[in-house]
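Take a look at the structure set out below.
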Amino acid sequence: QNSYLRLWGEIGLIGLLAFLWPAWAMLSRGIRSIRTAQTFTLTHALVVGSIAFFLQSLSDSNFFALQTSFLFWPLWAMLATLALNNSSRS
């Protein structure tokens, strides 16, 4: 199963875009902050983990598994906070 196709089928194109837009914004800010960092930071780990999760969601329904959701949403919130703090400092 593809999580993105399932999201598209359940909440429509606008809902899918509303889900993917913040993900893209956070990942792009995280990648931008990684480029300027001199050492490995928590932001690096969260960006790499998020990219791996989003890629793996192409072939599985990770967004709908309860155990995965309990890990994904708090980590996504941490990435958003770190990415926003790092971009506001630069």
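In this structure, Ala18 and Pro22 approach most closely via the heavy-atom pair O-CD, 3.0 Å.
Here the straight-line distance linking atom CD1 of Ile11 with atom CZ of Arg6 works out to 11.5 Å at 0.5 Å rounding. Distance check: Leu20 CG to Trp8 CH2 gives 11.5 Å after rounding to the nearest 0.5 Å. Considering CZ of Phe53 and CG of Leu58, their distance stands at 11.0 Å, rounded to 0.5 Å. If you take CG on Leu7 and CG on Asn2, they are separated by 9.0 Å, rounding to the nearest 0.5 Å. Here the straight-line distance linking atom CD1 of Ile51 with atom CG of Leu46 works out to 11.0 Å at 0.5 Å rounding.
Heavy-atom neighbours of Phe40 CZ from other residues, nucleotides or ligands within 6.0 Å: above the threshold of 12. The neighbour count for Ile14 CD1, taken as heavy atoms of other residues, nucleotides or ligands under 6.0 Å away, does not exceed 12.
Put simply, the side chain of Thr43 never gets that close to the backbone of Gly30: no donor and acceptor are under 3.5 Å apart. Distance alone, capped at 3.5 Å, is enough to place a donor-acceptor pair between the Tyr4 side chain and the Phe54 backbone.
Remark: aromatic rings of Trp73 and Trp76 are close, center separation under 6.0 Å.
Residue Met26 is not grouped with residue Trp21 when hydrophobic side chains (ILVMFWY) are merged at heavy-atom distances under 4.5 angstrom, including chains of intermediate members. Residues Leu55 and Ile31 share a single hydrophobic cluster, defined by chaining ILVMFWY side chains whose heavy atoms lie under 4.5 Å apart.
Contact annotation: the side chain of Leu27 approaches that of Ser50 to within less than 4.5 Å [non-hydrogen atoms, C-beta and beyond].
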- request: Decide yes or no on side-chain contact (heavy atoms from CB on, under 4.5 Å) for Leu42 and Met78, but give the supporting numbers first.
  value: CA-CA 9 Å; Leu42 180 61; Met78 287 172 41; 4.0 Å; yes
